[in-house]
Undergrad: 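If you scroll down you'll find the structure; I have some questions about it.
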Amino acid sequence: MVFLSLSCWIRSRGPDRYWKVQEVLKHARHFRGRRNRCYSLAVRAVRRAFVYATKSRRIKKRNMRTLWITRIAAASREHGMKYPALMHNLTKSSVQLNRHVISDLAITEPRTFLSLANLARARQQEGFRAALGDGKEPPGVFSRVVFLQ
Amino acid sequence: MSSFSRSAQQWATFARSWFVIDAKMQPPGKIASMCSIRLQGKHKPIYHAISDCGDHVVVINTKEIAFSGNKWEQKVYSSHTGYPGGFKQVTAAQLHHKDPKAIMKLAVYGMLPKNLQRRTMMQRLHIFADDTSRLQDEMKSKLPDAGNTEDFHIIASLNATDSSNVFSHGCSAGGTTFTLVVESFLTGDTKKQQTARNNDWIQVSFQYDVSGHLARKRFPQ
């Protein structure tokens, strides 16, 4: 330890405390109480906020999906179908639209949604006929075998 | 649809509608579940919990509600006054005798989500023990633009058997000449109705078809 003059006895602490503190406080400015001003309180609050944000990125996807499902269920009930029936019959008809798209169609494209509901209903009736009926083709329908030949 | 302005379309989409449900000889739980769906706005494709999209629901003839089974004697409604020894239990029959609206109200209250909006939704639920003779006055006082109107047209259809539900419709006040734009998400058709002065009172009653193998009992007289 060599201090050659008085000025060297003065230890210089970190010059940039202000900016390090501001880095944390800028994320806390909209908090309530002293947590938006005082560093010790803000540090804890900011860390908690970041933890919540991290966890919520996964939860947001779940919430969005339930919202889409609620909306699709509402729209399909308007057309006399229930949500499980609609989705199951759409997948059976190999319509690969996800719930996001279908819920947006239900809001902004009502006629498209109506046609999707009709498609699902027709597929549902076909399923019932296949399960309950006698295995014959319904009248007036050319079978695929005949057509392809 | 393309001929209407964006503002008119939006107005029709987000308008708060009125539904009328007739509870005569109906199980109160089933009616309550339908009420709660419409009060929350879950019958609309534009539903969101914070967007306050619930509608008004009017339930009439609640004194003629019909429980199945022996619920009139067996179902118990409990409450506590807060004082010691104040635990009260009344059967459904006794409660209905005291207040014919209470069963319906408690049923709907229990089916709504347990948050702060529940009270607001309950304020939008209007229950009448008997028929709709007082409905017109009630609606006149509840609707905001009830200034110089004499009669109301309720355009509401709630029919479980056919699927022609128009979810977005509103009350138009006879006497004023604004145009009611009704848009149905069902077909996308918009019916533009010019309201005309007309003294007819349209009452729509809800026909709910439940499989009748359960014997439903009216309130014992």
Side-chain angles (χ1 to χ4, degrees), chain A residues 30 32 52 56 59-90 95 97-128 132, chain B residues 1-4 6 9-10 12-15 17 19 30 33-55 112-113 115 117 156-169 181-191 206-209:
Chain A
H30 59 285
R32 181 185 274 218
Y52 284 147
S56 309
I59 300 178
K60 180 177 181 179
K61 297 162 182 44
R62 297 178 214 167
N63 292 348
M64 292 304 288
R65 188 169 158 125
T66 50
L67 180 67
W68 297 330
I69 291 177
T70 310
R71 289 183 167 177
I72 297 174
S76 58
R77 271 174 200 265
E78 280 194 344
H79 294 278
M81 281 206 85
K82 295 191 185 163
Y83 170 83
L86 180 85
M87 298 309 287
H88 186 49
N89 288 300
L90 281 183
V95 171
L97 296 174
N98 58 4
R99 281 140 187 87
H100 187 168
V101 165
I102 299 182
S103 76
D104 290 346
L105 289 179
I107 295 176
T108 57
E109 312 284 340
R111 290 189 180 125
T112 311
F113 189 82
L114 172 66
S115 54
L116 280 175
N118 289 337
L119 171 69
R121 196 175 302 132
R123 179 65 183 82
Q124 189 185 39
Q125 298 304 322
E126 270 192 30
F128 290 158
L132 305 167
Chain B
M1 229 163 72
S2 55
S3 63
F4 296 103
R6 296 264 182 206
Q9 213 168 315
Q10 176 150 13
T13 312
F14 289 93
S17 331
F19 288 90
K30 293 218 154 79
S33 71
M34 313 184 59
C35 287
S36 83
I37 288 183
R38 276 153 188 88
L39 286 169
Q40 292 173 66
K42 287 203 157 180
H43 60 296
K44 303 184 180 179
I46 50 164
Y47 166 78
H48 197 284
I50 39 180
S51 57
D52 193 23
C53 46
D55 289 335
L112 292 175
N115 55 20
Q117 274 139 16
S157 69
L158 196 61
N159 194 331
T161 49
D162 73 34
S163 55
S164 59
N165 273 345
V166 176
F167 97 86
S168 162
H169 38 264
V181 175
V182 170
E183 176 176 12
S184 162
F185 279 137
L186 175 75
T187 55
D189 298 334
T190 43
K191 292 176 251 173
F206 168 70
Q207 310 294 331
Y208 184 85
D209 187 51

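Side chains included, hydrogens not; waters and symmetry mates left out as well; all remaining heavy atoms used. Lettering of chains follows the sequences in order, A, B, ..., and the numbering in each one begins at 1.
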Undergrad: Looking at Ala75(A) and Pro45(B), what are the two nearest heavy atoms and their distance?
TA: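 For Ala75(A) and Pro45(B), the tightest heavy-atom pair comes out as CB-CG, 3.8 Å.
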
Undergrad: Sequence neighbours excluded, which residues qualify as side-chain contact (heavy atoms from CB on, under 4.5 Å) partners of Ala74(A)?
TA: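 side-chain contact (heavy atoms from CB on, under 4.5 Å) list for Ala74(A), sorted by chain: empty.
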
Undergrad: Taking only residues two or more places apart in sequence or in another chain, which ones pass side-chain contact (heavy atoms from CB on, under 4.5 Å) with Pro84(A)?
TA: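 Applying side-chain contact (heavy atoms from CB on, under 4.5 Å) to Pro84(A) gives Lys82(A).
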
Undergrad: So, for Thr70(A) and Tyr47(B), which heavy atoms are closest and what is the spacing to 0.1 Å?
TA: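 Heavy atoms of Thr70(A) and Tyr47(B) come nearest at CG2-CD2, 3.7 Å.
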
Undergrad: Give, for atom CD of Glu78(A) and atom NE2 of His43(B), the distance between the pair rounded to the nearest 0.5 Å.
TA: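 One finds 8.0 Å between CD of Glu78(A) and NE2 of His43(B).
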
Undergrad: Mark yes when over 12 heavy atoms from residues, nucleotides or ligands other than Gln125(A) sit less than 6.0 Å from its CD; otherwise mark no.
TA: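 Yes, enclosed.
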
Undergrad: If you measure from CZ on Arg71(A) to NE2 on His48(B), what distance do you get to the nearest 0.5 Å?
TA: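 Rounded to the nearest 0.5 Å, the CZ-NE2 separation comes out at 6.5 Å.
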
